[in-house]
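Worth saying up front: this structure is predicted, and the values here are computed from it rather than measured.
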Amino acid sequence: MANWKIMDHDMKKIGEKFENGLKEDNDKRKSIQSVEIGVRVLLALVETGGGEGAFLREVADHSGLSRSQAHRYLLSFVNTGVAEQDERSGRYYLGGLTVRLGLAAMARLDTVRIAAEHLEDLLAEMKTTGLLSVWGDYGPTVIRWIDGGIPLFTSLHTGSVLPLQTSSTGILFLAHCPPEQTRERVERERAEGIVVDDLELAAQIEEAGRVGFARTYGTVVPGLSATSVPVLDSQDRLVATMSVLARAEQKAFFSKAKIERIIDVARSASRAIGWQG
């Protein structure tokens with residue numbers, strides 16, 4: 001009988017541990033759920049308020065919560081600096097802590113790495129070669145040369161400086177950068193004999209800004225065509241360009257569908273580094 005009592009006692013302990021474990025698991029689920037709901041409230045605040053703030057009813061409606069529930073979350077966020085409330089209007093805004101968190105996240109972003117990863121996937125999909133360029137001391141500079149399939153024989157390589165007036169990459173920099181940034185480089189090119197008529201150049205720049213890409217056919221390297229697209233940051237500034245290359249004789253390579261795909265990938269890369277477009 002004593003053994004049965006011991007076993008019964010042990011079983012009770014095991015049962016208590018099991019129940020406590022379930023309670024702890026439930027508590028963990030509740031705490032995680034609270035965080036998830038809190039994120040919903042923050043997203044509602046961002047999406048409904050923008051820069052002008054949002055009223056409690058707007059946050060509640062957008063997050064799918066009652067006003068009392070939304071108010072409790074907002075109050076906690078105000079108390080911790082995640083949100084702020086204008087006492088006169090009653091509107092809620094993102095707080096100073098949120099700004100600090102956002103800046104910390106932006107500081108960790110590696111725009112080159114993100115853009116290169118997107119370009120690598122695109123080139124593997126299209127089975128061709130491409131390059132990633134940024135603005136350097138001497139103008140548009142190739143910082144990544146990526147072989148994605150059929151090799152292309154060219155003098156271009158990592159570190160090459162591309163002309164502003166005659167490359168698809170250069171046209172994008174002219175379209176997106178302030179004239180004071182590009183003027184000296186254009187003047188240097190013209191002094192070296194690379195001259196494009198002002199009206200023709202202006203038309204190419206306008207078109208690139210309007211359609212979201214630029215194309216060239218053998219103007220940089222004979223026999224090589226290119227389509228380039230911009231990678232933009234949260235301030236709509238050009239941080240890099242992606243270029244997809246093909247042999248000039250492959251007239252049908254850059255079909256409408258492929259160009260749309262190239263643009264989509266560049267926009268995905270841009271959004272990954274904070275672009276809001």
Side-chain angles (χ1 to χ4, degrees), residues 108-136 138-177 204-205 207-234 236-275 277:
R108 292 189 62 190
L109 285 177
D110 184 344
T111 56
V112 171
R113 176 184 59 78
I114 291 171
E117 288 175 352
H118 280 73
L119 181 57
E120 285 175 0
D121 291 343
L122 175 66
L123 295 173
E125 175 187 323
M126 293 190 167
K127 296 180 173 57
T128 190
T129 294
L131 53 91
L132 188 71
S133 304
V134 299
W135 185 264
Y138 301 101
T141 305
V142 178
I143 57 168
R144 291 284 192 280
W145 178 270
I146 303 168
D147 291 318
I150 300 172
L152 298 174
F153 299 100
T154 169
S155 59
L156 290 178
H157 54 80
T158 300
S160 293
V161 177
L162 300 169
L164 279 171
Q165 302 171 88
T166 56
S167 70
S168 54
T169 292
I171 295 299
L172 288 178
F173 277 97
L174 289 172
H176 290 273
C177 296
Q204 291 184 50
I205 294 170
E207 182 181 22
R210 176 169 47 82
V211 300
F213 68 93
R215 295 182 64 181
T216 50
Y217 301 89
T219 53
V220 178
V221 177
L224 199 64
S225 62
T227 294
S228 299
V229 285
V231 179
L232 308 173
D233 67 7
S234 60
D236 256 358
R237 295 174 301 200
L238 182 67
V239 294
T241 63
M242 294 180 178
S243 298
V244 177
L245 309 179
R247 297 190 182 98
E249 66 265 23
Q250 295 176 290
K251 300 294 185 182
F253 182 84
F254 290 116
S255 62
K256 181 180 178 182
K258 282 187 176 178
I259 290 176
E260 289 176 351
R261 176 63 179 148
I262 295 169
I263 293 172
D264 285 343
V265 170
R267 287 176 176 171
S268 293
S270 299
R271 292 189 181 100
I273 63 174
W275 183 59

Measure the shortest side-chain to side-chain distance between [X] and [Y] over non-hydrogen atoms and say whether it is less than 4.5 angstrom.
X      : Y      : result
Ile273 : Val239 : yes
Lys258 : Val244 : no
Ser133 : Leu162 : yes
Ser168 : Thr227 : no
Thr241 : His176 : no
Leu132 : Ile146 : no

Tell me, please, which residues at least two apart from Trp275 pass ring pair (Phe, Tyr, Trp, His ring centres under 6.0 Å). none

With distance as the sole test, does [X] use its side chain to make a donor-acceptor pair with the main-chain N or O of [Y] at under 3.5 Å?
X      : Y      : value
Ser160 : His157 : yes
Thr141 : Gly139 : yes
Arg271 : Gly277 : yes

[X] [atom1] to [Y] [atom2] distance, which is reported to the nearest 0.5 Å:
X      : Y      : atom1 : atom2 : answer
Met242 : Phe213 : CE    : CZ    : 16.0 Å
Thr216 : Ile171 : OG1   : CD1   : 8.5 Å
Thr128 : Phe253 : OG1   : CZ    : 4.5 Å
Arg215 : Ile259 : CZ    : CD1   : 4.0 Å
Asp264 : His118 : CG    : NE2   : 11.0 Å

Any side-chain donor near an acceptor of the partner, Thr219 and Thr166, under 3.5 Å: no

Return the minimal non-hydrogen interatomic distance between Leu119 and Gly130, and the atom names on each side.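 For Leu119 versus Gly130, the nearest heavy atoms are CD2-C, 4.5 Å.
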
